[in-house]
Amino acid sequence: MSKPVIHHLNISRSQRILWLCEELGLDYDIVHHQRDPETQRSPASLCAVHPLGRSPTLVHDGHTIIESDAIIEYVTRRLADGRLSVGPDSPAFGDYLQWLSFAEGSLMGPLVFDLIYAWTGGGNEVMKSFYHAEILKNHQYLDATLATRDTVVATGFTAADVNLGWTLEFSECRGWLRDFPRLTAYLARLRARPAYRRAIARGGPQDLSVFAAGVT
Ligand SMILES: N[C@@H](CCC(=O)N[C@@H](CS)C(=O)NCC(=O)O)C(=O)O
């Protein structure tokens, strides 16, 4: 089987895919790309790989795939016999799909609005109160789940935890984890995993302070 190629933008969601491949013990290549230091957007080198210039982008066997959730399912099912995924025959299937999607589908969007609001120095207060309430509710929901178990899926560690890890790092740098010691402890457990550390060693440090605008 040919090796997947992970296009990795510094300090970005592609950290998830490096980490996942390390968890699965897969052989992979990395192509490094650097954010534009002014705008933090993707450079021309990544836009040449995919018209949206997205990180992560995975290239494998002639397929170029974006979206973390899709890449995670592709990697676990196509390249790792379903390891760290949960199949339709498991009672945990629904939970797995929900939590896999939660990182990008619910948590991340309002957090990005929060950052843009801080970067641009203001905006619509009605919008702000709407997405602040969403951020809080999303964190409370995840927190309540982790009150009953160590991982988001009751059967144990899965790729859904990998997807959530980077989002919680982003949330942490935006100051939203301060009131959630259980989420902070969950993130610490994820960061302590040897595969997470190997991914950092290969991909480079994840210093998200560049996204901490407006956080005091
Ligand atoms: N929903 C996508 C979001 C991908 C995304 O927006 N990634 C950011 C990096 S964290 C990016 O590509 N930023 C550079 C840019 O948009 O120019 C996913 O989960 O992969």
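Atoms within each ligand, like the ligands themselves, are counted from 1 in listed order.
Annotation: atom 15 (C) of ligand 1 to nearest protein heavy atom, R41 NE, 3.2 Å. For atom 1 (N) of ligand 1, the nearest protein heavy atom (residue, atom name, distance) is E67 OE1, 2.7 Å. Of the protein's non-hydrogen atoms, R13 NH1, 3.4 Å is the one closest to atom 8 (C) of ligand 1.
Taking the six-membered ring wherever Trp is involved, the centroid distance between the rings of W119 and F113 does not fall below 6.0 Å. The ring of H7 has its center closer than 6.0 angstrom to the ring center of H33.
The ligand atoms of ligand 1 that sit less than 4.0 angstrom from a heavy atom of P56 are 20 (O). Ligand-side atoms of ligand 1 in range of R54: 4 (C), 5 (C), 6 (O), 12 (O), range being under 4.0 angstrom from any heavy atom. Taking every heavy atom of R35 and a limit of under 4.0 angstrom, the matching atoms of ligand 1 come to 9 (C), 10 (S). For ligand 1, the atoms lying closer than 4.0 Å to a non-hydrogen atom of S12 are 9 (C), 10 (S).
Using a cutoff of 4.0 Å between basic side-chain nitrogens and carboxylate oxygens, R191 and E169 are scored as salt-bridged. We find that E23 and R16 are not joined by a salt bridge, their nearest charged nitrogen and carboxylate oxygen being 4.0 Å or further apart. Salt bridge E67/R54: present, at least one basic N to carboxylate O contact under 4.0 Å.
At a heavy-atom cutoff of 4.0 Å, ligand 1 is contacted by the side chain of R16 but not by its backbone. Residue contacts with ligand 1 for M108 are absent, since no atom lies close enough (heavy atoms, distance under 4.0 Å).
Using bins of under 30°, 30° to 60° and over 60° for the plane-to-plane angle, the ring pair F170/F211 lands in the tilted bin.
Note: an N/O pair closer than 3.5 Å links S42 and ligand 1 by distance alone.
For D69, there are no salt bridge (charged side-chain N to carboxylate O under 4.0 Å, His left out) partners at least two apart in sequence or on another chain. Scanning for salt bridge (charged side-chain N to carboxylate O under 4.0 Å, His left out) contacts around K3 gives D29, with sequence neighbours left out.
Around atom 4 (C) of ligand 1, the closest heavy atom drawn from G53, S55, G109, G105 belongs to S55.
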